[in-house]
Q: 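Before anything else, here's the structure in question.
Every heavy atom of this structure was used, including side-chain atoms; hydrogens, water molecules and symmetry mates were not. Every number for a ligand or one of its atoms is a count from 1 in the order of the listing. Note that the numbering runs from 1 along the sequence shown for the chain.
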Amino acid sequence: MGQTIACANQKGGVGKTTTVVNLATALALTGQRVLVVDLDPQGNATSGFGIDRSRLDGSLYEVLLEERGLDSVIIATDVDGCAIAPASVALAGAEIELATAPQRERRVKRALAGVTDRFDYLLIDCPPSLGLLTVNALTAATSVLIPTQCEYYALEGLSQLIATLNLVRDNLNPTLAIKGVVLTMFDARTNLSSDVASEVRGHFGHAVFDTMIPRSVRLSEAPSFGLPIALYRADSRGAEAYTALAAELLRRDSREPVKPGTPETTPATDTAAIRAPWQAAAVTAQTPATEPAAIGARS
Ligand code: ADP
Ligand code: MG
């Protein structure tokens, strides 16, 4: 069974969607079978893969509110091994319509249940809020990945997010783990980026991925071409960073990359890392800050 990772941070513009699109692509390029679940009504992950949202046959809206099977809305992307359950504009109404629906926090979980065995990773792109759609994602997820922008108020929103995670654990999903914090838009030329990175590492210890995503014009351009960075500019620093992030994730999960060409192979140690020390317990960990990782350091 695949693991479901919710990419969440109630702040907008911190790199959630960029991380989902490009991490999913990088994982698929190592041979993992990946499903992107676009749970943000803005649909940036959907358009980031070059999918025209006005021509969708169905989206998560119909799945969550009209009992349509998830299978019937999943479509392929240009990336081999990476499919997407897209978001349509209609999803904007879901937050309100779900509010009075039965099992309103468990709709995504129920929808994913039928497909998790066909994927190694299911990455959910969450909207920039802690509303019902994000709570649905956290209820469905094995773990949560938290992109954090290297800027001054980075830590402020995180305590609120952690409080929400704890509420979800207490009430809806007791085994929800922290997959990790990903530092995004790191700019090695500024002291601020390094200071914020050290501070976040000081707070979250090993929960923070060594790989940092540099600020990169190429990464911000790629969505306007409807392409993940690996297909837009494979030799860019941004592409390298997401490749490194995927490799680090696989290492933490003790999965070796599957050789391209053998995507069916599913390594056995599926969710072994869920209880790894950098996860659930790391929320309150106060381990010392580590050195900035290679990618940020050399950019
Ligand atoms: P979120 O999904 O959290 O709202 P996005 O991934 O959409 O954030 O990123 C917000 C904006 O910043 C987008 O325009 C995106 O292209 C840009 N962006 C994201 N990551 C980077 C990066 N590492 N370098 C430069 N621009 C980035
Ligand atoms: Mg987004």
Q: Could you name the protein residues that come within less than 4.0 Å of ligand 1, counting only heavy atoms, and order them by chain and residue number?
A: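 Residues G12, G13, V14, G15, K16, T17, T18, M185, I213, P214, R215, S216, L219, S220 each place a heavy atom under 4.0 Å from ligand 1, listed by chain and number.
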Q: Side chains of Y242 and T19: any donor to acceptor distance under 3.5 Å?
A: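 Present: a donor and an acceptor within the cut-off.
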Q: Please check: side-chain N/O of N136 versus main-chain N/O of V108, any donor-acceptor pairing under 3.5 Å?
A: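 Between the backbone of V108 and the side chain of N136 there is a qualifying donor-acceptor contact (under 3.5 Å).
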Q: Less than 4.0 Å between a side-chain N and a carboxylate O, is that true for K179 and D253?
A: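 Salt bridge: yes.
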Q: Output yes when R237 and E240 qualify as a salt bridge under the 4.0 Å nitrogen-oxygen rule, no when they do not.
A: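 Salt bridge absent between R237 and E240.
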Q: Regarding R252 and the six-membered ring of F209, is the cationic atom NZ or CZ under 6.0 Å from the ring centre and inside 45° of its axis?
A: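 Cation-pi check for R252 and F209: passes.
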Q: Is D38 close to R53 at the side-chain level, that is, under 4.5 Å between some pair of heavy atoms?
A: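 R53 vs D38: side chains apart.
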Q: Less than 4.0 Å between a side-chain N and a carboxylate O, is that true for R251 and D210?
A: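 So D210 does not pair with R251 through a salt bridge.
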Q: For a 4.5 angstrom cut-off between non-hydrogen side-chain atoms, does K11 reach Q149?
A: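 No, too far: nothing below the 4.5 Å cut-off.
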Q: Compare every heavy atom of I74 with every heavy atom of A85, then report the nearest pair and how far apart it is.
A: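 Shortest heavy-atom separation between A85 and I74 comes out as CB-CG1, 4.3 Å.
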Q: Quick one: give me the number of protein N/O/S atoms under 2.8 Å from the Mg ion (ligand 2).
A: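 Number of qualifying protein atoms: 1.
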